[in-house]
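Every chain is numbered from 1 and lettered A, B, ... according to where its sequence line falls, protein lines coming before strand lines.
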Amino acid sequence: MELQKPRGTRDFLFEEMKERKYVEGTLRGVFETYGYQEIKTPLFEDLSLFTLKSGEGIMEQIYHFKDKGGRDLALRPELTAPVARLYINQLQKVPKPIKMYYFGSCFRYERPQAGRFRQFWQLGCELIGGKSPDAEGEVIAMAAHSLEKIGLTDFEIHIGDLGIIRGILNQAQLEDQDQIMALIDKGDVEELKSCLERVETDQKYKDILLNLIGVQGHREVMEEVREILEDYPDASKSLQELERLLDVLESFGFSNYVVNLGIARGLDYYSGTVFEIYVHGLGAQKQISGGGTYNLIEVFGGEKVESTGFAFGFDRVMEALKQQKSTLPLAKTVEVFVAPVSPEMKFKSFEIADKLRKEGIATETDLAGRKFKKLLSHANNLGARYVVLVGARDLEQGHVTIKDMDSSLQEQVALEEVVNLLVSKIRR
RNA sequence: GCCGGGGUGGGGUAGGUGGUUAUCCUACGGGACUGUGGAUCCCGCGACUCGGGUUCGAAUCUCGGCCCCGGCCCCA
C-alpha cells in the first residue's frame, strides 16, 4: 500500500459513521433542549490565539505553519480559545447568558495511543454570562443528562474547586504555585510531598494540602473538609460555593457526583469550579470530558464575564459506548429494493424507485445489471426490508409483487398502490 | 520525545530453526440455475509494510524507515 493516511488519523466507514452520527445527533438534541445554539469557527486560527494563554504543554503539540502571505497559523488544538475569540469579536453586546455549542475536530501532534489521535473531535459548549453556582450546576447536569441519553451508564463525574486549594496556597504565600498545581493535577502524591519539603512554609499548610487533595466522596465528605478549613477564610468561602453548587446540581436532577478536591486541570485559565468525567476501563485515556469555570475572555482582553464550559472527547465517548457493548438504534441504509426481473423492466423499476424516494423512503435499485437471482441476494445483503419485483407477467395485469424479506411472504399489488402501501408499512 | 509488542490477498489467518506454484475461512466477480434471497458445488480475483544487508536462495535471519497496538509524558 503506497498511499497511507497520515499517522494518528482515521477513516470512518459506513457503520461507524452511522454510530457516530447517532451519538452526535443525540447529544446535539440534549444541548438544544437546554437552549444552546450551534456555532462553527475556522479549523485554523492565528497561532497567537493559542500561545496567548500559555498552555505550554499544548504549544509543543500544535500544528503550525506559515501561509503564502507569511502569516503564522495553527490548526486548532482545542475549541475554547476560538469560541472566546468569537465572543470578543461579535457577541459582547448580546444579552446574557449566551449559550453556544460546537462540534468539530481539533489537531494535536502527539504519539497516537488508545483513545488518542492527531485529529480528534470535540463536542462541547460554553455558557457566558451566567452566575455561579446556578450556571455551573446546569452545565454539569447537562453533561450528565447527555451521557444518560446516549445510554452510557458507567461514568463518574468528579467535581472540584480550584479556589479551595488556591486559597490555601495564597494564605501560605507559597511560590511555585503552578508547579504544585501541576503535580496535584497529575495525582502524583509522592512527588508532591517531596516538592513540598523543599518549600519553606509552615508545616500546617503542607499537611492541609496533602489532606485536601485526597478528599474524594459524596456529600458527606463536605463536613470534614469544613472542619479542616476552619481557619482559612478564602478556602472556606470557596468551599461554601462548592456546597451551593451541589444544591443546584441536585435540584437539576443529578446527584451521583463525586466531590474530588484533587482535580486541578492542565490549562491555566480555569479559575473556580472544575469537573472531569471518567469512564474506567478505557485505560490511560479514561477521561472523556473536562470543563469548568474560566477567565479566558479576560485574558484575551475582553470585559470580565463569568464563563463555564466543557467538552466531550467525542472519540472517547464512542469508545466508552463500544466498550460497554451498547447497541445503538441505527437507521437502515435501504428500506426497499426495487428489482427488475428482466432487463426490459429497468425503466419501470427506476420510476418506482423515484416515487419511493420522493416519499422519503430509502430505496435502492439495480445499477449493476445483475441477474434477477443475484438481485435478491444483493437486496438481502443490503438489509432491505421489502423488495419490489417488477416483472413482465405482473405488469401485464398492472401489478408488481412486494416481498417481505423477513417473513418471505409476498403479495401482488396494483402499480398505483405500491408507493402508498410501502409508505404505510414502513412508517408504521 | 522515550519504552515494549506487532505488520502475510478487501477483512480474519497458517507458515516463521531460510529451499517447488504461500494455507485456510470470509468477502468480491462469474457459472451450475433465463420470475424468487441469506444453502451447496465449481471457476475466477487477490497478499508476504517499504528499503538496505547476509545468502546460491529471504515471508522466514539482520539493520533502518513507515504504519498499527499498548504504556510513559501530556491531555480529550
Side-chain angles (χ1 to χ4, degrees), chain A residues 1-11 13 15 55-62 76-80 103-124 143 182-183 185-188 191 263-268 275-279 282-292 309-320 337 339-345 368-396 399-410 412:
Chain A
M1 209 35 119
E2 60 286 347
L3 298 177
Q4 284 183 332
K5 59 182 163 40
R7 184 163 160 78
T9 63
R10 290 157 296 162
D11 293 319
L13 260 44
E15 280 309 299
E56 279 176 37
I58 279 186
M59 263 316 291
E60 295 168 10
Q61 302 172 346
I62 226 159
R76 61 191 185 196
E78 51 110 10
L79 274 155
T80 300
F103 177 67
S105 52
C106 301
F107 303 83
R108 291 185 200 172
Y109 188 88
E110 350 176 43
R111 184 81 171 71
Q113 221 178 104
R116 178 195 292 178
F117 306 95
R118 290 185 173 176
Q119 180 183 15
F120 60 97
W121 275 260
Q122 287 197 337
L123 194 154
L183 287 172
D185 182 34
K186 207 165 141 184
D188 190 340
E191 187 60 34
I263 299 179
R265 295 200 56 69
L267 300 170
D268 303 344
F275 68 100
E276 298 184 340
I277 306 178
Y278 309 117
V279 174
L282 283 188
Q285 271 64 242
K286 65 178 182 182
Q287 191 187 326
I288 63 167
S289 177
F310 78 98
F312 286 117
F314 190 76
D315 308 281
R316 291 184 184 176
V317 170
M318 294 309 300
E319 199 50 46
F337 191 90
V341 170
S342 58
E344 308 82 67
M345 296 296 108
R370 282 186 170 84
K371 299 207 167 123
F372 177 65
K373 184 134 182 162
K374 293 275 178 188
L375 285 180
L376 284 174
S377 177
H378 187 231
N380 184 51
N381 288 151
L382 289 174
R385 265 153 68 186
Y386 301 99
V387 173
V388 179
L389 287 76
V390 186
R393 281 202 315 249
D394 280 349
L395 213 52
E396 275 169 27
H399 291 153
V400 294
T401 298
I402 293 178
K403 184 180 180 77
D404 180 322
M405 294 297 272
D406 292 334
S407 64
S408 287
L409 297 176
Q410 52 189 55
Q412 282 199 324

Would you indicate what A/Gly8 reaches in the nucleic acid, counting non-hydrogen atoms under 4.0 angstrom: base, sugar-phosphate, or nothing?
-> sugar-phosphate
Please set out all donor-acceptor pairs under 3.5 angstrom arising from side-chain atoms of residues 111-118 of chain A, sequence neighbours excluded.
from	atom 1	to	atom 2	distance (Å)
A/Gln113	OE1	A/Gln285	NE2	3.4
A/Arg118	NE	A/Glu110	O	2.8
A/Arg118	NH2	A/Glu110	O	3.2

Does B/G18 pair with anything, Watson-Crick or G-U wobble, both distances under 3.5 Å, and if so, with which nucleotide?
-> none
Pair of N/O donor and acceptor under 3.5 Å linking B/A76 base with A/Arg116 side chain = no
Please evaluate the base of B/A76 for a donor-acceptor partner in the side chain of A/Glu110 within a cut-off of under 3.5 Å?
-> yes
If pairing means Watson-Crick or G-U wobble with both distances under 3.5 Å, then the partner of B/C72 is B/G1
Protein-proximity profile, nucleotides 29-40 of chain B, B/S/- by nucleotide at the 4.0 Å heavy-atom cutoff, equals S-S-B-BBBB--
So does A/Arg7 get a side-chain nitrogen or oxygen closer than 4.0 Å to the phosphate oxygens (OP1/OP2) of B/C68?
-> yes
Closer than 4.0 Å, any side-chain N/O of A/Gln113 to the OP1 or OP2 of B/G71?
-> yes
May I ask you to say what A/Phe117 touches in the nucleic acid, namely base, sugar-phosphate or nothing, with a heavy-atom cut-off under 4.0 Å?
-> base
Paired to B/G51 by Watson-Crick or G-U wobble criteria (both distances under 3.5 Å) is B/C63
Under 5.5 Å between ring centres and under 30° between planes: true for A/Phe120 and the base of B/A76?
-> yes
So what does A/Gln122 hit on the nucleic acid, given a heavy-atom distance under 4.0 Å: a base, only sugar-phosphate, or nothing?
-> sugar-phosphate
Look at all strands and tell whether A/Gly115 reaches a base, only sugar-phosphate, or nothing, counting heavy atoms closer than 4.0 Å.
-> base
Hey, is the side chain of A/Arg10 pairing donor to acceptor with the base of B/C68 inside 3.5 Å?
-> no
